[in-house]
Undergrad: 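Pasting in a structure now, in structure tokens, and then I'll have a few things to ask.
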Protein chains: 2
Amino acid sequence: MAVREIPLTNKAKILDAASALFLEGGVSALSVRAIAANAGVSTIGIYSHFKGKDGLLEALYIEGFALINAAMKVDSSEDPHVSALAACERYLDIAENNQAHYQLIFGDAGADYVPSEAARAASVEAFGGLLSFASILLPEDASAGMKQKKALEIWAMLHGSVSLKRHSVGQLMPAMDWRGAIMESLEKLIS
Amino acid sequence: MAVREIPLTNKAKILDAASALFLEGGVSALSVRAIAANAGVSTIGIYSHFKGKDGLLEALYIEGFALINAAMKVDSSEDPHVSALAACERYLDIAENNQAHYQLIFGDAGADYVPSEAARAASVEAFGGLLSFASILLPEDASAGMKQKKALEIWAMLHGSVSLKRHSVGQLMPAMDWRGAIMESLEKLIS
DNA sequence: CTTTATGCATAACAGCGTTATGATGAGTCA
DNA sequence: TGACTCATCATAACGCTGTTATGCATAAAG
């Protein structure tokens, strides 16, 4: 018995095509013509359904932050130290395995995208995750300022290492166990 | 007595125009047409003298790394702790006051420039500076691997904080003394 | 049935970096 | 001195980019 497939709307086709191109080639693979060609439609749909290319980048940006947010979730019933280090490993895994998203968020690789208010809400949410992450590392009566400082500290180290490796420093130390070195530094900050 | 001025070569005009535009508007202000118009020549000179726009970006990239390198210079006759923290302050100052250069180096703001071998030599030199910086913080018999780790650690924190502030996190904590928080974290790594 | 709104393909626009074309001037050599 | 070569130059054109304009078709509302 043949099941009738619901035909994809053009909007869905465009979003699927954009995601596929993005995952394969990053932001620079996302020209409106390439997306439209891959979706089998004309470019005008990108403007009617997404208000232009930025609308697509918006969805991907929010997706990227959702990944980061998920990585930073910690379980407060676990040992704080172990839980925090595991979260850091997850963050580094995500940066490595989702490079297109990561680079979109941090303005890399030709991404001139400027996030809207709605997209900025994604960073607010991720930071909330980082704050609760920081909470488990501090005494219960720690101030909000202390939590923010700890969150910033960890995030700076995480992001700094990801970015340096990608840009100019990674190839300067080919023999270095990059992940090991960064995890050591994080351990200092976490204990 | 009128002193005869030596007329600028077109090459010099182009380089001056590019630098002025760059300092004012960053990489995205550097279109070949804008540069040529500002220099009062046609665009072809950019190709004959600099092999294209990338040649100009090359010069600016190297310049940016020279700034970083200069910041990381430490005087081994001074107190290592004080000297190191001062170098970190200088790095943060440079990142703040030379944003166009900083963003070019770290692939931001639409900079699709991929550094050539010659330009990469600039990062090698800067890293040499970071290694000697790391040396003063470690025992004299520290291995090269240890020095590299320390250098990476400090640089990750420095660069991470600069990049996070610029991208998505800076506005999440408007009340935070960003510089103070990062210097505290660096002090932990330095002691 | 008429009007309005939405979505669509296509063409055109203005910008981008780069290449092609033909002209000019300087330097070298016979 | 004349011919040849090379580098530089202005201009035009190329192929790409994101976006807007145009006209048509369809669906929904009154």
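Lettering follows sequence order; numbering is per chain, from 1.
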Undergrad: Tell me whether the OP1 or OP2 atom of C/dG7 has a side-chain N or O from A/S48 closer than 4.0 Å.
TA: no
Undergrad: Does a side-chain N or O of B/N10 approach OP1 or OP2 of D/dT8 to a distance below 4.0 Å, or not?
TA: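 For D/dT8, OP1/OP2 do not have a side-chain N/O of B/N10 under 4.0 Å.
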Undergrad: Taking for each residue the nucleotide of DNA chain C bearing the nearest heavy atom, is the 5' side occupied by A/V41 or by A/R33?
TA: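 Result of the comparison: A/V41.
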Undergrad: Just the rounded figure in Å: distance from C1' of C/dG17 to CZ of B/F50.
TA: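 Rounded to the whole Å, the gap is 16 Å.
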Undergrad: For A/L21 and D/dG18, what is the distance between atoms CG and P respectively, to the nearest whole Å?
TA: 12 Å
Undergrad: Rounded to the nearest Å, what distance is computed from the CG atom of residue B/D54 to the P atom of nucleotide C/dT19?
TA: 11 Å
Undergrad: Find the distance A/L30:CG to D/dG18:P and express it as a whole number of Å.
TA: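 So the two atoms are 9 Å apart, to the nearest Å.
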Undergrad: Measure up the A/W155 and A/F65 rings against each other and bin them: parallel (under 30°), tilted (30 to 60°), perpendicular (over 60°).
TA: perpendicular
Undergrad: Taking the side chain as every heavy atom from C-beta outward, state whether B/I182 and A/L152 have any atom pair closer than 4.5 Å.
TA: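 B/I182 vs A/L152: side chains touch.
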Undergrad: How many Å lie between CD1 on B/I46 and C1' on C/dT19, as a whole number?
TA: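 For the pair B/I46 CD1 and C/dT19 C1', the rounded distance is 14 Å.
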Undergrad: Return yes when atom CE of A/M146 has more than 12 non-hydrogen atoms of other residues, nucleotides or ligands closer than 6.0 Å, and no otherwise.
TA: no
Undergrad: Got B/E153 and A/K188 here, is their nearest side-chain heavy-atom distance under 4.5 Å?
TA: yes
Undergrad: Output the single nucleotide from C/dT18, C/dC16, C/dC8 whose closest atom is nearest the side chain of A/I44.
TA: C/dC8
Undergrad: Could you give the CD1-to-C1' distance, from A/I35 to D/dT19, as a whole number of Å?
TA: 13 Å
Undergrad: Can you tell me how far C1' of D/dA7 sits from NZ of B/K11, to the nearest Å?
TA: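 Computing the B/K11:NZ to D/dA7:C1' distance gives 13 Å.
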Undergrad: B/H49 side chain N/O closer than 4.0 Å to the phosphate oxygens (OP1, OP2) of D/dC9?
TA: yes
Undergrad: Rounding to an integer number of Å, can you tell me how far B/K51 NZ sits from D/dA7 P?
TA: 11 Å
